[in-house]
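Counting begins at 1 with the first residue of the sequence.
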Amino acid sequence: DKKEEKDNKKETEPKPTPKPLPPLEVSARRLDRLLGTESFLPAASYTNPAKVVRRWLGTSSGASGKATLADIHTAAQTLLDPQGVCQTGRALILEYTAVAPSEQTSKDVAMDTETTTETETPSQPNYLSKTTEREFETWLLSLLIRLLWKSSQHQKAFDLSQTTIQILMKHIASTTAKITKKSSLHLVSLFPLLARVYRYRSLVADQLVPTQPQIAVLLRSDMVQAHGMACLRRDVDTQATLLNLMLHDLLNASQVEQAQKLLTNSTFPDSASNNQLCRFLYHSGRIQALRLEYTSAFSNLSQSIRKAPSNTGLGFRIAAQRLLVVVQLLMGEIPDRHVFFQNGMKTELLPYMAITQAVRRGDLSVFNQAVSEHATRLRQDGTYTLISRLAHQVVKAGLRKLHISYSRISLQDVADRLGLASATSAEFVVAKAVRDGVLDATIQHKEGYVQSHDLVDVYATKEPSEAFHRRIAYCLTTHNDAVRGMRYPPDAYKKQLEASRNRGGKRGGKEEEKTDEEKVKDFEDEMEDEY
């Protein structure tokens, strides 16, 4: 009976729950399972390990967004081998986060000792495998660069990014020297992280260029060389990222012709990520708009906005929408009113709405007043040069309204309605509009009036065929993009449909945001089904 009572007491006594692992360590262990160890390499069965790392970065966004200096310090100290290939990066992380451990209180230390289970052996550290530690080291360094950049420590962040790129180049060189099938797979897995470090370095350099202009010149030559090496390695992530960064740098330096040469002499990789494709389309549209190629610019900017994610990247969508509105006005079109009232864009697009209303009215004085009121904002947005070209479109819009309203009107009345200086200026403007085909009218110089002709059937002009051509090109582009995006296994939609029905029945049709654990589970299930 006593034995039974003891057994019952043991069963009823609550077992000590092990302390949950930190989010960064959980992400590292997950990557270790995906890429495997030296004895077992599940990634060898994958056709593209870079895709595995790319998806892992996406599922680890929650942990990386909440990481602090103390978290990075603990993760580097716990998971990276001080005698391994990542000893340089580990020492660098511990040096930059030396203050972080002091933030841990004595209460946290006591909790750590209380929740230590019998199976844990602190004296024997459980480091990451050699196939994963380089990727995790680079990821921690990129998180550290981002934290320094957000805390306005731009010089430290820039120096750290330069050192991180050098460390990555050494890893790539050492792997290339003893190239095998396994090592080539692990070489490819570094490419998405290298592209991310280049991106962070560019963001930091943008803050330092106003005070240190020589940085832009040094980085420009370095990016050209790195882009060439990425093309030779078939590194799609770094190649697409560096191409966008070079276009961004040339546009900031107002070197439009150089950016156009780079655009025509380079090829954007087809298998690049959607975010990089959106950036490339935006830069292409901006270059073409500055070079008066408004039709191509309108097409690229429309695709960029359509492909951009709707749940994030609000700043990018605002910048693209601003430029698209200006390009539409330069093409002689008036944007729809609902464009200016999208979620989160109403305040940012307010100056462009005032300019659009002035162009629609066709009053040059109102247009000049709107531009002068918002000149500072337009210069900050980088659209002032394009908007200064809109004066001719304002005059064209006003002439069209007068042409529809009056069959005969004096040149002085035209000057008064459009806000021109004199009747002579109005005569020159009307003559140019007639020559360009905007109006079908005759100028009576001696009498001082304009005689409008009868309206011609619009279907007898080229306008319907041009509109039809634009619609066909849009449909073909959409079809090609849809075919290119169909990379899913057969019947994959059935699982998604069943999951959505179950989720809708349980939650009343309201979808909740997925946690990191749910993302990880979906990611691993997808990898098992795909491979």
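Inspection of the R317 and Y282 side chains reveals no N or O donor paired with an N or O acceptor under 3.5 Å.
Taken from CZ in R279 to CG in N274, the straight-line distance is 10.0 Å, to the nearest 0.5 Å. Residue I387 holds its CD1 atom at 3.5 Å from CD1 of I355, rounded to the nearest 0.5 Å. Going from atom CZ of R196 over to atom CH2 of W139 covers 8.5 Å, rounded to the nearest 0.5 Å. Atom CG in L190 sits 7.5 Å away from atom NE2 in H171 (nearest 0.5 Å). Between atom CG of residue L277 and atom OG of residue S271 there is a gap of 11.0 Å, rounded to the nearest 0.5 Å. Interatomic distance, L250 CG to L245 CG, rounded to the nearest 0.5 Å: 11.0 Å.
When side chains are defined from C-beta on, L324 counts as touching F298, because their heavy atoms get closer than 4.5 Å. V224 has its side chain out of reach of L242: every pair of non-hydrogen atoms, C-beta onward, lies at least 4.5 Å apart. For the pair S221 and Q225, the minimum side-chain heavy-atom distance is 4.5 Å or more. Between S304 and F280 the shortest side-chain heavy-atom distance does not fall below 4.5 Å. In this structure, V53 and F191 have side chains that are not in contact, with every pair of non-hydrogen atoms separated by 4.5 Å or more. Between D222 and Y198, some side-chain heavy-atom pair lies under the 4.5 Å cut-off. Annotation: side chain of R291 is in contact with side chain of E257 (closest heavy-atom distance under 4.5 Å). By the 4.5 Å heavy-atom criterion applied to side chains, N275 and P309 are counted as neighbours.
Minimum heavy-atom separation, F158 to A205: CE1-CB, 4.3 Å. Here the closest heavy-atom approach between residue N343 and residue L314 is recorded as O-CD1, 3.9 Å. What you find for G285 and L323 is that their closest heavy atoms are C-CD2, 4.5 Å. Shown here for R233 and I172, the closest heavy-atom pair between the two residues is CD-CG2, 4.1 Å. Nearest heavy atom pair, residue S161 against residue V197, reads O-CG1, 4.1 Å. The minimum heavy-atom distance linking A289 with A297 is given by the pair N-CB, 3.7 Å.
Checked options L263, N244, L243; the residue passing with H283 is N244 (criterion: side-chain contact (heavy atoms from CB on, under 4.5 Å)). A side-chain contact (heavy atoms from CB on, under 4.5 Å) with R286 is found for one member of L247, L281, L251, L386 and no other, namely L251.
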Notebook entry, point to check: Given the rule in the side-chain contact (heavy atoms from CB on, under 4.5 Å) test, do M331 and V327 qualify, once you have shown the distances and angles that lead to the verdict?
Noted result: CA-CA 6 Å; M331 293 174 64; V327 169; 4.1 Å; yes
Margin query: Assess the residue pair Q260 and L290 against the criterion (side-chain contact (heavy atoms from CB on, under 4.5 Å)); give the C-alpha distance rounded to whole Å, side-chain angles, the decisive distance to 0.1 Å, and a yes or no.
Written below: CA-CA 10 Å; Q260 174 63 20; L290 292 171; over 6 Å; no
Checklist line | Residues T138, L168; criterion side-chain contact (heavy atoms from CB on, under 4.5 Å); working and verdict | finding: CA-CA 8 Å; T138 309; L168 269 171; 3.4 Å; yes
Item checked: Derivation and outcome, side-chain contact (heavy atoms from CB on, under 4.5 Å), residues H227 and C231 -> CA-CA 6 Å; H227 181 265; C231 294; 3.6 Å; yes
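A donor-acceptor contact shorter than 3.5 Å is absent between the side chain of D336 and the backbone of V339. Side-chain atoms of S296 do not come within 3.5 Å of backbone N or O of E293 as any donor-acceptor pair.
Residues passing the side-chain contact (heavy atoms from CB on, under 4.5 Å) test with L203 are W149, R199, Y200, sequence neighbours excluded. Taking the side chain to side chain donor-acceptor pair (under 3.5 Å) definition, one finds that T383 meets it with Y352, sequence neighbours left out.
For NZ of K261, the number of neighbouring non-hydrogen atoms (other residues, nucleotides, ligands) closer than 6.0 Å is 12 at most. Counting non-hydrogen atoms of neighbouring residues, nucleotides and ligands closer than 6.0 angstrom, the CZ atom of R234 reaches no more than 12 such neighbours. Annotation: R146, atom CZ; neighbour count of heavy atoms from other residues, nucleotides and ligands within 6.0 Å is above 12.
R377 has a carboxylate O that lies under 4.0 Å from a charged side-chain N of E348, or vice versa, which qualifies the two as a salt bridge.
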